[in-house]
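See structure below.
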Amino acid sequence: MSKAKNANDNRRDKVSPDLDTPTDMSPEAVNQISASLNILLADAFALYLKTKNFHWHVSGRHFHDYHVMLDEQSEAIFATTDQLAERVRKLGGTTIKSIGQVGKLQTIQDNNEDYVPPREMLRELMEDNKHIAAAMRKAHKLCDDHEDSGTAGLLETFIDETERRTWFLFEASRQEGSNAA
Ligand SMILES: [Fe+2]
């Protein structure tokens, strides 16, 4: 096997030649940014489902407001998934194929409790969104290091949206706390 063939084999992590999207970015940059985006994608799916879970199971006197807010947030989170996955493909990486892969890659914790008090739901989602914003900032730094302004621009929008969710969850949970008996 020639050196050129070896170099070609190592060009991208686990990418079929048929899926090797042309790019001027280095294989190292594609591998690192793809790995980072795939973790963000897994967390987006996990947070989407947790937010829906709480939308479905929230209870109490603020039911309507929380039910609606969590539905809006879940839709906004779900809308990021296609963009994250397609960004990986634009770079020449491969992305998530199954719920099983989501479970392996996600860094936020599932919540399968039978009952979660409403304020705890909001606080838990607030912490998850803070965690994801921090991870997005790290991914953005990686993009800057590799001059990947396409991914960086996408992440800037998503960071702002994530911080908006954190703000809403913070204010809604604070009101619940101050009104609690
Ligand atoms: Fe619904």
Side-chain angles (χ1 to χ4, degrees), residues 33-90 95-96 98-99 101-144 148-181:
I33 295 169
S34 296
S36 178
L37 288 177
N38 282 335
I39 291 170
L40 292 176
L41 178 59
D43 277 336
F45 278 121
L47 185 61
Y48 162 73
L49 192 51
K50 189 193 276 191
T51 305
K52 272 290 191 190
N53 165 21
F54 291 168
H55 161 75
W56 295 322
H57 295 106
V58 71
S59 63
R61 62 199 175 99
H62 296 293
F63 170 80
H64 183 264
D65 286 350
Y66 293 174
H67 182 70
V68 170
M69 178 177 73
L70 296 179
D71 206 25
E72 289 171 355
Q73 293 200 354
S74 69
E75 285 177 13
I77 295 162
F78 186 73
T80 68
T81 58
D82 193 54
Q83 295 186 75
L84 287 167
E86 291 193 358
R87 188 67 212 154
V88 178
R89 292 295 300 123
K90 288 173 193 170
T95 190
I96 286 174
S98 67
I99 291 293
Q101 285 189 335
V102 169
K104 284 179 187 159
L105 290 175
Q106 72 183 75
T107 64
I108 68 166
Q109 299 289 312
D110 291 338
N111 187 329
N112 296 317
E113 293 298 319
D114 286 337
Y115 175 77
V116 182
R119 186 170 185 275
E120 285 184 24
M121 287 182 172
L122 303 189
R123 286 283 155 160
E124 184 170 331
L125 293 176
M126 184 185 83
E127 291 302 326
D128 288 340
N129 277 283
K130 279 171 63 183
H131 170 82
I132 286 174
M136 285 179 174
R137 264 186 269 282
K138 279 188 185 168
H140 188 282
K141 171 75 168 56
L142 187 63
C143 294
D144 283 348
D148 178 6
S149 52
T151 307
L154 192 68
L155 289 173
E156 283 166 19
T157 303
F158 290 169
I159 289 167
D160 177 66
E161 291 178 5
T162 306
E163 289 171 335
R164 184 177 191 275
R165 283 191 292 276
T166 301
W167 172 38
F168 273 53
L169 291 161
F170 168 68
E171 286 297 342
S173 62
R174 197 161 63 138
Q175 186 180 16
E176 169 72 12
S178 64
N179 287 346

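If you read the sequence from its start, that first residue is 1, and numbering goes on from there.
- Here the side chains of Leu154 and Thr80 are not in contact, with every heavy-atom distance at 4.5 Å or above.
- Counting heavy atoms from C-beta on, the side chains of Leu155 and Leu40 come closer than 4.5 Å.
- Annotation: salt bridge (Lys or Arg N to Asp or Glu O under 4.0 Å) contacts of Glu163 (sequence neighbours excluded): Arg137.
- Phe45 meets the side-chain contact (heavy atoms from CB on, under 4.5 Å) test with Leu41, Phe78, Thr81, Val102; sequence neighbours excluded.
- His55 pairs by the ring-ring contact (aromatic ring centres under 6.0 Å, His included) definition with His67, not counting sequence neighbours.
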request  = Give the intermediate values and the outcome of side chain to side chain contact (heavy atoms under 4.5 Å, CB included) for residues Gln83 and Thr157.
outcome  = CA-CA 11 Å; Gln83 295 186 75; Thr157 303; over 6 Å; no

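- Remark: Lys130 engages Glu127 in a salt bridge, criterion side-chain N to carboxylate O under 4.0 Å.
- A search for salt bridge (Lys or Arg N to Asp or Glu O under 4.0 Å) contacts involving Arg87 returns Asp148, not counting sequence neighbours.
- For the salt bridge (Lys or Arg N to Asp or Glu O under 4.0 Å) test, no residue two or more places apart in sequence or in another chain qualifies with Lys138.
- Remark: Glu86 engages Asp82 in a side-chain contact (heavy atoms from CB on, under 4.5 Å) (not counting sequence neighbours).
- In this structure, the side-chain contact (heavy atoms from CB on, under 4.5 Å) partners of Gln101, at least two apart in sequence or on a different chain, are Ile96, Lys97, Ser98.
- Arg123 has no carboxylate O lying under 4.0 Å from a charged side-chain N of Glu120, or vice versa, which leaves the two without a salt bridge.
- Using modelled atom types, one finds a donor on one side chain and an acceptor on the other under 3.5 Å when comparing Asp43 with Thr107.
- The structure places OG1 of Thr162 at 4.0 Å from CE of Met136, a figure rounded to the nearest 0.5 Å.
- Residues that satisfy the side-chain contact (heavy atoms from CB on, under 4.5 Å) test with Leu142, not counting sequence neighbours, are Gln32, Ile33, Ser36, His146.
- Closest of all the heavy-atom pairs between Tyr66 and Ala172 is OH-O, 3.4 Å.
- For Asp160, there are no side-chain hydrogen bond (donor to acceptor under 3.5 Å, both in side chains) partners at least two apart in sequence or on another chain.
- Legend: salt bridge (Lys or Arg N to Asp or Glu O under 4.0 Å) pairs involving residues 106-116, not counting sequence neighbours: none detected.
- The shortest side-chain heavy-atom distance between Arg165 and Glu161 falls under the 4.5 Å cut-off.
- In this structure, NZ in Lys90 is found 13.0 Å from OG in Ser34, a value given to the nearest 0.5 Å.
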query = Can Phe168 and Met69 be said to form a side chain to side chain contact (heavy atoms under 4.5 Å, CB included), step by step?
reply = CA-CA 9 Å; Phe168 273 53; Met69 178 177 73; 4.1 Å; yes

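- Of the inter-residue distances, the one linking Asn129 atom CG with Ile108 atom CD1 reads 8.0 Å to the nearest 0.5 angstrom.
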Quiz: residues 46-54 side-chain donor-acceptor pairs under 3.5 angstrom, not counting sequence neighbours:
from  : atom 1 : to     : atom 2 : distance (Å)
Lys50 : NZ     : Gln109 : O      : 2.7
Lys50 : NZ     : Glu124 : OE2    : 2.6
Lys50 : NZ     : Asp128 : OD2    : 2.7
Thr51 : OG1    : Leu47  : O      : 2.7
Lys52 : NZ     : Asp71  : OD1    : 2.6
Asn53 : OD1    : His57  : ND1    : 2.8
Asn53 : ND2    : Asn111 : O      : 3.1

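- Taking Glu156 as the reference, nothing meets the salt bridge (Lys or Arg N to Asp or Glu O under 4.0 Å) condition, with sequence neighbours excluded.
- Between the CG atom in Leu169 and the CZ atom in Arg164 there is a gap of 11.0 Å [rounded to 0.5 Å].
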